[in-house]
Amino acid sequence: ALLTNSSVRVGITGDDMWVPEHILLLGPEAATGHYIPLAGEWDINARLSTDRTDASPSARLTIPLRFVRLGTIATVIRRVLLLVKTSHVDDAGSEDPIRLEITAGGNSVLDQEIGDTLQDDRHEKSDNWYSMDVTPFNKRDVMSNGGITLSIKGRDAWLPRYVYVFGLDTPQGRPSEMVPLVSVTEWNLGWLSEDTTEGQPSVPLPVS
């Protein structure tokens, strides 16, 4: 409640230039431990470096991260952000695509298969960011007559370390509100695989 658009800045302390694309700052609620959005920027395209030579004349030392409001169960969600980290254990990574499904009010609002992107997708110890379009819905309808399911499409077993799903109130760019849908900070739902001797092909995710 005390944050403003000038409360948070991110900077760099050396001359090895960094060009971030998106930055999202999260914090855990004291009561539940669920992570909630605090601030963020999308499509940044700023160059951060202490080097002010001709090689990087427009480089900056810091950029602000504007405040992102916490949405409610009635906030209309127009996009979903999936954040996952693959476990550190041996062979936790997978080359197979995963799938995220969301139903709300008895209707399918998202059914998205996620394959290869420019990231190190689902490699051991990797962090991944996936943004997906949805049919507009709200969290209330997920809680009353819906659900969220994560699946894998193949037999190369995958073990996440954490899984977060957030609903965003804008169809593109920076959201003004974000709604926590799933906050699994310590994954305990087992391996995912279509080979049932190694895991299970899909798991329902707990709505936070």
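Because the structure is a prediction, the values reported are computed rather than measured. Index from 1, following the sequence. Side chains are part of it too, since the values below use all heavy atoms of this structure and drop only hydrogens, waters and symmetry mates.
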Quick one: salt bridge (charged side-chain N to carboxylate O under 4.0 Å, His left out) pairs with a partner in residues 87-99, sequence neighbours left out? R99-D111
Side-chain heavy atoms of V142 within contact of I148, under 4.5 Å: yes
Can you give me the closest heavy-atom contact between G93 and D156, atom names plus distance? O-OD1, 4.0 Å
Between D195 and S193, does a side-chain hydrogen bond (donor to acceptor under 3.5 Å, both in side chains) hold up when you go through it step by step? CA-CA 5 Å; D195 180 349; S193 176; 5.3 Å; no
Is any side-chain heavy atom of K85 closer than 4.5 Å to a side-chain heavy atom of P160? no
Value for OG1 (T103) from CG (N145), rounded to nearest 0.5 Å, stands at 7.0 Å
Can you confirm whether the side chains of R78 and T170 place a donor and an acceptor under 3.5 Å from each other? no
Only residue of D127, T185, T86 satisfying side-chain hydrogen bond (donor to acceptor under 3.5 Å, both in side chains) with Y162 is D127
Taking V68 as the starting point, is it possible to reach V165 by hopping between hydrophobic residues whose side chains are less than 4.5 Å apart? no
Ignoring hydrogens, what is the shortest heavy-atom contact between P201 and T196? Give both atom names and the distance. CD-CG2, 4.4 Å
Here the pair of heavy atoms bringing P180 nearest to I36 is CG-CG2, 4.0 Å
Checking P97 now: which residues fulfil side-chain contact (heavy atoms from CB on, under 4.5 Å) with it, not counting sequence neighbours? E113, K153
Distance, nearest 0.5 Å, that separates CZ of R47 from CD1 of I12: 12.0 Å
Under 6.0 Å from the CD atom of Q172, do we count more than 12 heavy atoms belonging to anything else shown? no
The reported gap from NE2 in H22 to CG in N45 (rounded to nearest 0.5 angstrom) is 11.0 Å
Cluster question for you: counting only ILVMFWY and a side-chain heavy-atom cut-off of under 4.5 Å, with indirect links fine, are W158 and V203 together? yes
Atom pair CG (L205) and OG1 (T149), whose distance is rounded to the nearest 0.5 Å: 7.0 Å
Atom CG of residue position D16 - does it have more than 12 heavy atoms of other residues, nucleotides or ligands inside 6.0 Å? no
Is any side-chain heavy atom of Y130 closer than 4.5 Å to a side-chain heavy atom of V84? yes
Using the rule given for salt bridge (charged side-chain N to carboxylate O under 4.0 Å, His left out), can you reason through E198 versus R155, listing the C-alpha separation, both sets of side-chain angles and the distance that settles it, and then say yes or no? CA-CA 8 Å; E198 294 188 334; R155 299 169 67 86; over 6 Å; no
Side-chain heavy atoms under 4.5 angstrom apart, residues restricted to Ile, Leu, Val, Met, Phe, Trp, Tyr: same cluster for W187 and I98? yes
Tell me, do P64 and R9 make a side-chain contact under 4.5 Å, heavy atoms counted? yes
So which atom in G40 and which in R174 form the shortest heavy-atom distance, rounded to 0.1 Å? O-NE, 3.1 Å
Using the side chain to side chain contact (heavy atoms under 4.5 Å, CB included) rule, take H88 and E124 through it: C-alpha gap first, then chi angles, then the decisive distance, then the call. CA-CA 6 Å; H88 291 206; E124 187 177 318; 5.5 Å; no
Would you check if L2 and F67 make a side-chain contact, meaning some heavy-atom pair closer than 4.5 Å? no
If you measure only the distance, is there a donor-acceptor pair under 3.5 Å linking the side chains of S49 and D51? no
Please give me the minimum heavy-atom distance between S126 and N128, naming the atom from each residue. OG-OD1, 3.5 Å
Counting the benzene-type ring for Trp, do W129 and W42 have ring centres under 6.0 Å apart? yes
Work out which heavy atom in G173 is nearest to a heavy atom in R79; give both atom names and the distance. O-NH2, 2.7 Å
Residues L26, F166; criterion side chain to side chain contact (heavy atoms under 4.5 Å, CB included); working and verdict: CA-CA 11 Å; L26 304 173; F166 294 98; 3.8 Å; yes
Indicate whether the side chain of D169 and that of S176 have a donor and an acceptor atom separated by less than 3.5 Å. yes
Does N138 reach the main-chain N or O of D141 with its side chain, forming a donor-acceptor pair under 3.5 Å? yes
Side chains of T72 and R140, heavy atoms from C-beta outward: is any pair under 4.5 Å? no
To the nearest 0.5 Å, atom CG of L38 lies from atom CZ of R69 at 14.0 Å
With side chain to side chain contact (heavy atoms under 4.5 Å, CB included) as the test, would you mind laying out the steps for E41 and I63 before giving the verdict? CA-CA 10 Å; E41 295 293 338; I63 56 173; 5.7 Å; no
Enter the distance from S94:OG to I152:CD1 here, rounded to the nearest 0.5 Å. 3.5 Å
Closer than 3.5 angstrom, by distance alone: can the side chain of T50 be matched with the main-chain N or O of G14 as a donor-acceptor pair? yes
Are any of the side-chain heavy atoms of V163 and L83 separated by less than 4.5 Å? no
Are F137 and L82 joined in one hydrophobic group, where the rule is that I, L, V, M, F, W and Y side chains link up if heavy atoms are under 4.5 Å apart? yes
Out of curiosity, does V76 fall in the hydrophobic cluster containing L70 (side-chain heavy atoms, cut-off under 4.5 Å, transitive links)? no
Do I114 and R122 come close enough that some side-chain heavy atom pair is under 4.5 Å? yes
So I44 and I23, side chain to side chain contact (heavy atoms under 4.5 Å, CB included) or not? Walk me through it. CA-CA 8 Å; I44 297 167; I23 301 177; 3.6 Å; yes
